[in-house]
Each structure stands twice: as C-alpha cells, then as structure tokens.
Colleague: 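Submitted below is the structure of interest, expressed as structure tokens.
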Amino acid sequence: MLLHSLIRYARAYTPSSADLPSFPVYPAAAARQVCATLGRASICGRAIFQVEFALSRGKTSRGRTAVIVGAQWGDEGKGKIVDVLTQTFSVVARYAGGHNAGHTVIINGKKFILQLVPGGILRPECTSVVGNGVVIDPLAFLKEVASLRAAGVKVDGNLFISNRAQVILPYHRMMELGSENAPGRVKIGTTSRGIGPAYEDKMGRRGLRVADLLDIQLLRTHIENACREKNMIAHALFNSEPLDADKMFREYANAAEKIAPFVRDTALLLNRALAEGKSIVFEGAQGTMLDIDHGTYPFVTSSSATSGGAATGTGVPPTSIDTVIGITKAYCTRVGSGPFPSELLDAQGEDLRKRGNEYGAVTGRPRRTGWLDLPLLRYAGMINGISWLVVTKLDVLDHLTEIPVCVGYKVDGKGTDEVPAQACGYENIECVYRNMPGWASPTQDIRTVEDLPKAAREYLAFIEKETGAQVGMISTGPDREQTILVPEFTSELGLKSN
Ligand code: GDP
Ligand code: IMO
Ligand code: MG
C-alpha cells in the first residue's frame, strides 16, 4: 500500500508525468526524492523501480538472480554449473569476455564447448543473452551458431546479442599478434582472439558496436578509417602485413546481415524479464584472478570478469543481483603466463594435469596445475561478494591419501592477508601448506553430501571455514548428472534436488 501511494505521489510530483516513457526512470527518480525527504532514499528508490516496472506487467515481484563467477584463473567448470542451474533459471546472460572463453557442458555423454553463446542454449526453454560487456567476433559467433544448429540445438528466437556489445575485427588480432611477439613486451600468453585490442578500442571510444555493424554506411567508413590507422601502426611497430579494408567490409557486411536477427537492446530485454518474474543467471567468463582490475595484472584478460561486471556488462542494476556463486576447483589451474603461488612444477603437477584432463577447451594448451589456494579464494570471496561456493573436480583428488592446501601466505617470514598488487610481488610469497587427509576412494557416482567419504566432507568443511562461504554444490565428474546439491542451496535457488 505504501509503495502504491509513493508511486502515485511520485507521479504527481513529476511535472510532465503524462508524457513519460513506459520505462519509469522519471517517476522513480522523483519518488527517490520523496523518499530522501523521508530519509529512506535507497530502499524506496529500489522498491519503487522494481514494483513500478513489475506492476505495469501485472506482477508484483521480480525474478531472482545469481551471478556465476570463476573464483580462480578460469576453467573452474562454470559451463557445467550454469547448465545445472538452467534447470530452473529461465534466462542466462553472459557479461564479459569473448570467444577466449571455453565452457564445456556434457549432457548424457554429449560434449558441447561454448565460447560466446551462454550455457542456457542447451535448454530450448531458456533465453540466452550475450550482454553489452562482451566483445563479439561476428564470424566466430556465426560459426558457433552454425555448429549448434548442426547439433540440433535451437538458436532462433531464444538467443540474443546486445546492440551495445563491441565487435572484434581482424585488425584486433593483427595488433595482438604483433604485440605478443614484439621484443621487449611482456608476453601474456593470450588466446590470440583479439580480445585485448577490442577492449582497448572500446575504452578509447573508437570501437565498433553491434548496432554500428548493422549500419552499413557506418561500417564501411569505420573499417576504412580503422584499417588505415591500424595498418600504419602495425607496420611501424611490428612490421605486419597490411589488411585489405574492402575485403574486410564485404565479409563483415555479409556477417552483419546474418547477425541482425539476433540483435536486441538486451538491457531492456533483461530488465523486462526480471520485472515479469523471470530468473536470470549471469554467466561469468574467465575468473577473478584474470579480472582487469583485481587479477594478477598485467597477466589478466581485458574485461571485468568479477561479479561487478555482471551489472555493467548487462545493464541490470547491481541492486537487482541477489546471489553471487563462486566456482572453484578442488585444486587450482591457470593457462598462460603470470603468477601462480601454489603451482606444482613436478610430477605431482603432471599427475593432476593428466587426471583432471587439464588442457584448454579452446586452445588445447596444457594448463598449469597446483594445490587449492585459500588466500586467493578468500580474496575472490571479498572482491565478488561470494555467498555460495561450488567446488568442482573433487573426483580428480580421489586417489590421494593426503591433500596439501595453501592456507596462508608469508612474506619475509611474516604471515599476510594481502594479495600483491604487482605481479612481481608474488615472487616474495611463500605458501604455507596444511596437509588434509585424502579419501582415497571414488566419488564420481555419489549424489548426496552424506554419501561422500568422511575425509571429503572434512575437506569441504575446511574450505567453508577458511573462506566464510557455504558450499552449495559439489561436482564429481564432467557430466550434468555428476553433481551433488546441498539442500539449503537447492531451496534458496529453487532447484530440484537430485
Ligand atoms: P569453464 O571455462 O569454467 O566453463 O571450464 P572448462 O569447461 O574450460 O574446464 C572445465 C573442464 O573440467 C571441462 O573439461 C569439464 O568437462 C570438466 N569438468 C567440470 N566439472 C568436472 C568435475 O567435477 N570433474 C571432472 N573430472 N571434470 C569436470
Ligand atoms: P574461461 O571462461 C582460462 C587467459 C589466457 C591468457 C589471459 C589473457 O573458459 O574460464 P586473452 O585472450 O583473454 O587476452 O588472454 O587470460 N584466459 C583464460 N584462461 N579460462 C578462460 O576462460 C580464459 N580466457 C582468457 O590464457 O593467459
Ligand atoms: Mg574454460
């Protein structure tokens, strides 16, 4: 009742309320002013926005939301977990990265590797959205769509890409290749997909967005100008061969035509879906330690992989995010260069790689392996606001009788809670390990927490105690079915228990 009165009051308070667009920006702002007078600005502002938007569609509550974020250096198993959540979440929205991601989903033995397309695509009743925070290579997108179609997956009418997402063009790959191999430059060990240079152009305000890709005149001018500039720079800096602007224009104009049916104002689509009571899972790519701000800079990707990116990368406000779910392996991996305090450079590391099949889903590169790093997991918890953890690949540790876990860092012999800001800062870090008892028995076919071996339950409880987050799901194999759901998590997220 109070909200209804406030909305009415806000409307009356706004001078031109009769001419307002259906999106209730002005009434909400006015109502916020009214509430501020009452000293309840944020609560009322939020409630009015949600209720107003929802009321106009005959609903009184918005759908629930959860962000899936990688808590390590990527490849934690996000793809599998998003797939499990889509049993009840109706929309999946990717918010960062590009086709540098490789998300593996295995359903009844059938393997899908998704790069740009969100995991929701594998359930026909789900809507999949590629948000504005993503950089899209149109040719890679069309290739992925074609292979999904060939596999019998529905992609028409349920897959949308943002008109505000940035476009990756061939000169981005040219610049990346040149810079990765240039003498004197730090080699990041990128995926060579043009991701970094595309984000550079975005922030430099000279990028091409999906809406511009569809504007053929603009596309031609953009490609001509950009090619002239990039060819000169790449030739001067890296002695690269020039790219042909005409050929590029023809290829991308053709791609634009094919992409057009997928393009939407996805911020509007997502906010409407929420107002209609639909639930959204925000699918992160990469991981916390690859985040442009919070990761092991400069050995990071170029986007906001952490949970904050879910808001900026989709246009859904941070106030509409209910839960952040961090995904961590039961151990640790990383692809590419950069610090990795708990890395194993010996036969044990090789053994983890083999048992965990730790080879890049997209590039096939061997992943570096190491023990679980709790200081980093605590850091990921803090940066992302993780309330639930999902522990994947528990089965990879099944053979061990003892499992070392990094429980703290020491610098110059003194314990520290700080994660270094500089990559070279990691060189001074000494990991403090604690040996946890292993369970030395198979877990792949176990479906409830109670049935897990005692030592495995203790391992998970130790992670909970050390991170302050609750373990809501445990993955003991790559297949959708090889999942253990914790009842509290199941009921909070509205999932079906197994
Ligand atoms: P993402 O990028 O976070 O989605 O992860 P990737 O798909 O790149 O890498 C995770 C790999 O581990 C994939 O090959 C998955 O099929 C596999 N995987 C996921 N969960 C489990 C698990 O619990 N056990 C095992 N053995 N493999 C898993
Ligand atoms: P998913 O979503 C693991 C790494 C690259 C490189 C660095 C920068 O599957 O977890 P980029 O091409 O992004 O400029 O490379 O980031 N990297 C990933 N590592 N999983 C990923 O994605 C990654 N995406 C990028 O290996 O070290
Ligand atoms: Mg991956």
Side-chain angles (χ1 to χ4, degrees), residues 68-84 94-107 109 111-116 118-119 134-135 137 168 172-173 176-177 179-180 186-200 283-292 295-303 305 326-331 333-340 352 354-368 390-398 442-444 446 473-484:
I68 291 292
V69 69
Q72 299 169 320
W73 279 282
D75 301 329
E76 297 90 349
K78 299 175 293 292
K80 171 183 165 162
I81 303 309
V82 167
D83 174 62
V84 172
R94 253 292 286 279
Y95 61 83
H99 64 312
N100 49 351
H103 297 168
T104 316
V105 182
I106 303 182
I107 306 166
K111 186 169 175 175
F112 299 88
I113 295 176
L114 300 166
Q115 292 189 251
L116 271 167
V134 176
V135 283
D137 178 328
I168 301 183
H172 292 129
R173 282 190 296 278
E176 178 170 349
L177 211 71
S179 119
E180 274 284 273
V186 176
K187 195 173 168 68
I188 311 290
T190 67
T191 57
S192 315
R193 302 290 195 270
I195 305 292
Y199 278 113
E200 276 179 49
E283 180 184 300
Q286 290 78 51
T288 304
M289 301 314 290
L290 288 174
D291 181 276
I292 184 72
T296 45
Y297 192 90
F299 302 97
V300 291
T301 189
S302 298
S303 64
I327 319 296
T328 176
K329 282 180 186 167
Y331 51 98
T333 64
R334 147 160 231 174
V335 204
S337 329
F340 184 173
L352 272 185
K354 285 217 176 89
R355 287 179 191 272
N357 190 23
E358 297 296 357
Y359 298 89
V362 176
T363 58
R365 289 182 291 174
R367 295 176 185 147
R368 298 157 64 192
V390 173
V391 179
T392 61
K393 304 193 105 166
L394 192 74
D395 55 299
V396 176
L397 305 182
D398 280 354
T443 56
Q444 287 220 330
I446 295 175
M473 209 195 286
I474 303 123
S475 174
T476 61
D479 203 277
R480 190 187 260 180
E481 302 302 317
Q482 291 171 308
T483 308
I484 299 172

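One is the number of the first residue; the rest follow in order along the sequence. We count ligands from 1, going down the list as the structure has it; atoms in each ligand are counted the same way.
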Colleague: Among all protein heavy atoms in this structure, tell me which lies nearest to atom 20 (N) of ligand 2, with the distance rounded to 0.1 Å.
Modeller: Asp75 OD1, 3.1 Å
Colleague: Look at atom 27 (O) of ligand 2 and say which protein heavy atom is nearest, naming residue and atom and giving the distance to 0.1 Å.
Modeller: Val335 O, 3.1 Å
Colleague: Between ligand 2 and His103, is the shortest N or O to N or O distance under 3.5 Å?
Modeller: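 Right, the criterion is met.
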Colleague: Answer yes or no for Gly102: is there an N/O/S atom below the 2.8 Å cut-off from the Mg ion (ligand 3)?
Modeller: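 An N, O or S atom of Gly102 is closer than 2.8 Å to the Mg ion (ligand 3), so yes.
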Colleague: Is it the side chain (CB and beyond), the backbone, both or neither of Trp73 that lies under 4.0 Å from ligand 2, heavy atoms counted?
Modeller: backbone
Colleague: Within a distance under 4.0 Å of any heavy atom of Gly336, pick out the atoms of ligand 2 and give their elements.
Modeller: 27 (O)
Colleague: To check your reading of the model: name the closest protein heavy atom to atom 9 (O) of ligand 1, its residue, and the distance in Å.
Modeller: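 For atom 9 (O) of ligand 1, the nearest protein heavy atom is Arg367 NH2, 3.5 Å.
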Colleague: Tell me whether Gly74 reaches ligand 1 (any heavy atom closer than 4.0 angstrom to a ligand atom).
Modeller: no
Colleague: For atom 7 (O) of ligand 1, grab the closest protein heavy atom and report residue, atom and distance to one decimal in Å.
Modeller: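 Closest protein heavy atom to atom 7 (O) of ligand 1: Thr104 OG1, 2.6 Å.
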Colleague: In terms of residue, atom name and distance, what is the protein heavy atom nearest to atom 4 (O) of ligand 1?
Modeller: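 Ranked first by proximity to atom 4 (O) of ligand 1 is Gly79 N, 2.8 Å.
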Colleague: Does Gly477 reach ligand 1, in the sense of a heavy atom lying below 4.0 Å from it?
Modeller: yes
Colleague: So, is Arg365 polar-close to ligand 2, with some N/O to N/O distance under 3.5 Å?
Modeller: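 Yes - when backbone and side-chain N and O of Arg365 are compared with those of ligand 2, one distance drops under 3.5 Å.
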Colleague: What protein heavy atom is closest to atom 15 (O) of ligand 2, reported as residue, atom name and distance in Å?
Modeller: Thr190 CA, 3.4 Å
Colleague: Heavy atoms only: which of Lys329, Lys393, Gln72, Glu76 lies closest to atom 18 (N) of ligand 1?
Modeller: Lys393
Colleague: For ligand 2, which atoms, with element, lie under 4.0 Å from some heavy atom of Leu290?
Modeller: 4 (C), 16 (O), 17 (N), 18 (C), 19 (N)
Colleague: Which ligand 2 atoms are under 4.0 Å away from a heavy-atom of Gly189?
Modeller: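 Numbered from 1, ligand 2 contributes 5 (C), 6 (C), 26 (O), 27 (O).
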Colleague: Please determine whether a side-chain nitrogen of the Lys or Arg among Lys329 and Glu358 lies less than 4.0 Å from a carboxylate oxygen of the Asp or Glu.
Modeller: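 So Lys329 pairs with Glu358 through a salt bridge.
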Colleague: Are Arg193 and Asp137 within salt-bridge range, i.e. N to O under 4.0 Å?
Modeller: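 So Arg193 does not pair with Asp137 through a salt bridge.
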Colleague: Write out the residue and atom name of the closest protein heavy atom to atom 12 (O) of ligand 2, then the distance separating them to 0.1 Å.
Modeller: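 Checked against all protein heavy atoms, atom 12 (O) of ligand 2 sits closest to Thr191 OG1, 2.5 Å.
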Colleague: Which residue and non-hydrogen atom of the protein lie closest to atom 8 (C) of ligand 2, and at what distance in Å?
Modeller: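 So the nearest neighbour among protein heavy atoms is Val300 O, 3.4 Å.
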Colleague: Under a 3.5 Å cutoff, is there a donor and acceptor pairing between the side chains of Glu200 and His172?
Modeller: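 No, no side-chain donor-acceptor pair sits under 3.5 Å.
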Colleague: Backbone or side chain, does any N or O of Gly102 fall under 3.5 Å from an N or O of ligand 1?
Modeller: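 Indeed, backbone or side chain, Gly102 has an N or O that close.
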Colleague: Could you find the nearest protein heavy atom to atom 23 (O) of ligand 1 and give me its residue, atom name and distance?
Modeller: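 Its nearest protein heavy-atom neighbour is Ser475 OG, 2.5 Å.
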Colleague: Of Asp395, Thr333, Val105, which has the heavy atom at the shortest distance from atom 24 (N) of ligand 1?
Modeller: Asp395
Colleague: With a cut-off of 6.0 Å (strictly less than), are more than 12 heavy atoms of other residues, nucleotides or ligands near NZ of Lys111?
Modeller: no
Colleague: One residue to check: Lys78. Relative to ligand 2, which of side chain, backbone, both or neither has a non-hydrogen atom less than 4.0 Å away?
Modeller: side chain
Colleague: Return the residue, atom name and 0.1 Å-rounded distance of the protein heavy atom closest to atom 23 (C) of ligand 2.
Modeller: Gln286 CG, 3.6 Å
Colleague: Tell me whether ligand 1 is touched by Gln286 - counting only heavy atoms on the residue side and a distance under 4.0 Å.
Modeller: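 Heavy atoms of Gln286 never come under 4.0 Å of ligand 1.
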Colleague: Provide the number and element of each atom of ligand 2 under 4.0 Å from a heavy atom of Ala101.
Modeller: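 Checking each atom against Ala101, I get 1 (P), 2 (O), 9 (O), 22 (O).
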Colleague: Provide, to 0.1 Å, the distance between atom 10 (C) of ligand 1 and the closest protein heavy atom, together with that atom's residue and name.
Modeller: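 Looking only at protein heavy atoms, the one closest to atom 10 (C) of ligand 1 is Asp75 O, 3.7 Å.
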